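The block underneath contains the structure these notes are about, expressed in structure tokens.
Residue numbers start at 1 and run along the sequence shown. Computed from a predicted model, the values in this text were never measured in an experiment.
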Amino acid sequence: VDYNKWILGGSLGSANVVIPIGIGGLGAGFFYMDGGAQDKFDAAGGRIIGGFSPSNSRLTGSAAVSFGEDFPLSIGFNFKYFTESIDTYKLSGSAFDAGLWLNAVKDELLFGLAAQNLGGAVGGFNLPLNIRFGGAYRITTTFTTPSDEGATIKKERWVAEEESRFARNLLTLAADIEYKKDSGEAVIHLGSEYWFSTIAGRVGYEINTAGAVGPGFSGFTVGAGFRLGKFELDYGAQFYGEFGVAHKISTTIFFVSSD
């Protein structure tokens, strides 16, 4: 579950659930966007004649399959149905997303490829096709604690908190490029995350080929996370220059341990 206090008075939120089933999993989610109060002008554009609040909502169903350790490739699909509203105009439509995930070096070097808005149309217009490709590299360090009695234990981030006798650090470096076919625009995302036991720090940067949103720290994101047992709480801030800062809070509950 997450909530994002966006710029210009807007807000976004979502709730998602994923259920592991056999060699894969099923998921469902709901997303909404409230664009905030906007002024409505007359045809000449010089006089305010009212107001409106644009909105967007989306229902998503997902399925994924993993081919196992011998062939560390996973594939997934989303089906999404959405509605949009701007003043008196309302539209609805549906589309698919598809993705591949490759665990190239076990839990250390990962690659992903996704295509968004496949076969989608709204009001007779095709949705913009987005292609994303990225990778991540994980570095797990180990150290000892008194409860280990001198033993060095290597554990991953998802170890349940009840096993807190295990101390672990996990650094993740990630990058991806998003290509927007309709506009020809490419956006590069760079990010890093460092977990020290149950506390995480994050920093990221977005490079937009169409130019920055504004001066200052535009394009930067910072965040932190905290893990307690099967609960995780995360906060992030994204800077939009002169337009302000967007704040995002999310919480995750792990019903199934990955051990």
Side-chain angles (χ1 to χ4, degrees), residues 1-21 24-36 53-64 66 74 76-85 92 94-97 99 101 110 112 114 116-117 130 132 134 136 156-162 164 170 172 174 176 178 189 191-204 206 220-240 244-259:
V1 178
D2 67 68
Y3 173 76
N4 189 339
K5 183 61 177 177
W6 209 46
I7 59 175
L8 302 178
S11 62
L12 303 88
S14 67
N16 304 278
V17 62
V18 177
I19 303 173
I21 299 178
L26 298 175
F30 172 75
F31 166 87
Y32 82 91
M33 183 278 292
D34 181 351
S53 179
S55 64
N56 177 295
S57 62
R58 181 174 69 238
L59 289 171
T60 303
S62 307
S66 175
S74 300
F77 300 92
N78 285 334
F79 172 77
K80 51 192 180 185
Y81 175 80
F82 49 86
T83 60
E84 297 182 352
S85 174
S92 62
S94 60
F96 288 91
D97 303 326
W101 183 78
L110 314 169
Q116 300 172 305
N117 299 329
N130 294 343
R132 299 186 71 158
E156 294 289 356
R157 163 186 167 187
W158 50 69
V159 175
E161 180 64 20
E162 52 263 34
S164 58
L170 179 62
T172 301
D176 77 19
E178 176 183 5
H189 303 97
S192 64
E193 175 189 74
Y194 183 74
W195 278 90
F196 178 79
S197 187
T198 60
I199 300 175
R202 305 181 180 101
V203 63
E206 178 180 283
F220 277 99
T221 58
V222 295
F226 176 71
R227 183 81 178 273
L228 180 63
K230 297 183 182 298
F231 295 87
E232 184 176 316
L233 180 66
D234 298 290
Y235 166 77
Q238 185 169 3
F239 297 88
Y240 287 91
V245 182
H247 302 273
K248 181 177 181 179
I249 297 176
S250 66
T251 182
T252 305
I253 303 175
F254 297 88
F255 294 102
V256 179
S257 172
S258 294
D259 289 350

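With rounding to the nearest 0.5 angstrom, the OG1 atom of T251 is 8.0 Å from the CG atom of D234. Atom CG of L233 and atom CD1 of I253 lie 11.0 Å apart (nearest 0.5 Å). One distance of note links NZ of K230 with OG1 of T252; it measures 13.5 Å at 0.5 Å rounding. Rounded to the nearest 0.5 angstrom, M33 CE and R58 CZ are separated by 10.5 Å.
A donor-acceptor pair is defined here as one N or O able to donate and one able to accept, closer than 3.5 Å; such a pair exists between the side chain of R202 and the backbone of A224.
Taking each heavy atom of D97 and N117 in turn, the nearest pair found is OD1-N, 2.9 Å. The shortest heavy-atom contact between Y3 and S11 is OH-CB, 3.6 Å. A63 and L26 make their closest contact through CB-CD2, 3.8 Å (heavy atoms, listed as atom of the first residue, atom of the second, distance). The minimum heavy-atom distance linking T60 with K80 is given by the pair OG1-CB, 3.9 Å. Among all heavy-atom pairs drawn from D176 and R132, the shortest one is OD2-NH2, 2.8 Å.
The shortest distance between side-chain heavy atoms of F30 and S57 falls below 4.5 Å. Between E206 and T221, every side-chain heavy-atom pair lies at or beyond the 4.5 Å cut-off. Taking 4.5 Å as the limit, every side-chain heavy atom of T172 sits out of range of all side-chain heavy atoms of W195.
When the shell of 6.0 Å around NZ of K248 is examined, it contains 12 or fewer heavy atoms from other residues, nucleotides or ligands.
Among D2, N56, L59, N16, the single residue meeting the side chain to side chain contact (heavy atoms under 4.5 Å, CB included) criterion with F31 is N56.
Looking at N78 and S62, their side chains do bring a donor and an acceptor atom within 3.5 Å of each other. Under the 3.5 Å distance criterion, with hydrogens and angles disregarded, a donor-acceptor pair is assigned to the side chains of S53 and D34.
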Practice problem: Report the C-alpha distance between Y32 and S55 in whole Å, list the side-chain angles of each, state the deciding distance to 0.1 Å, and finish with yes or no for side-chain contact (heavy atoms from CB on, under 4.5 Å). | Solution: CA-CA 7 Å; Y32 82 91; S55 64; over 6 Å; no
